[in-house]
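Predicted model only: the values in this text are computed from it and were never measured.
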Amino acid sequence: VKEAWRDVATWTASQLGTRFGSAVRVDYLDLFDPACPPLPEGAQLPLVLVNGEVVSNGGKVSVPAIRRHLEGLGL
């Protein structure tokens, strides 16, 4: 089992934690985990949500895009 996406989530959490501290929490959810919430219709992986809002859907995880979104929320 490859852990690449989990590693990306850990790295992203580190980057965002450096900038935003405890105001940001990153959760990695495994699709096969019973606790995984339902995905939005048409979702592609990786899926990045902030407060339930889709920030990115498919492609690469972009820390700058997530950072801009968080800054737009006033963090």
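In this structure the side chain of Val8 never reaches within 4.5 angstrom of the side chain of Pro46, judged on heavy atoms. Here the side chains of Asn51 and Leu73 are in contact, with some heavy-atom distance below 4.5 Å.
Listed here is the closest heavy atom pair of Ala65 and Val55: O-CG1, 4.3 Å. Residue Pro37 comes nearest to Leu29 through the heavy atom pair CD-CD1, 3.6 Å, listed as atom of the first residue, atom of the second, then distance. What you find for Phe20 and Leu70 is that their closest heavy atoms are CE1-CD1, 3.6 Å. When all heavy atoms are compared, the tightest approach of Gly59 to Trp5 is O-CH2, 4.2 Å. The shortest heavy-atom contact between Val26 and Ala9 is CG1-O, 3.8 Å. For the pair Asp30 and Cys36, the tightest heavy-atom approach, listed with the atom from each and the gap, is O-CB, 3.4 Å.
At a threshold of 4.5 Å between side-chain heavy atoms, the hydrophobic network of Ile, Leu, Val, Met, Phe, Trp and Tyr places Val50 and Val63 in one connected group. Residues Ile66 and Trp11 fall within the same hydrophobic cluster, defined by Ile, Leu, Val, Met, Phe, Trp and Tyr side chains chained together at heavy-atom separations under 4.5 Å. Connection of Val61 to Tyr28 is established within a shared hydrophobic cluster, with ILVMFWY side chains joined at heavy-atom distances below 4.5 Å, either directly or through further cluster members. Leu31 and Leu47 fall within a single hydrophobic cluster, where Ile, Leu, Val, Met, Phe, Trp and Tyr are joined by side-chain heavy atoms under 4.5 Å apart, directly or via other members.
Here the side chain of Asn57 pairs a donor or acceptor atom with the backbone of Gln44 at under 3.5 angstrom.
In this structure, Asp27 places its CG atom where more than 12 heavy-atom neighbours from other residues, nucleotides or ligands lie under 6.0 Å away.
Rounding to the nearest 0.5 Å gives a distance of 12.5 Å between NE2 of His69 and OG of Ser62.
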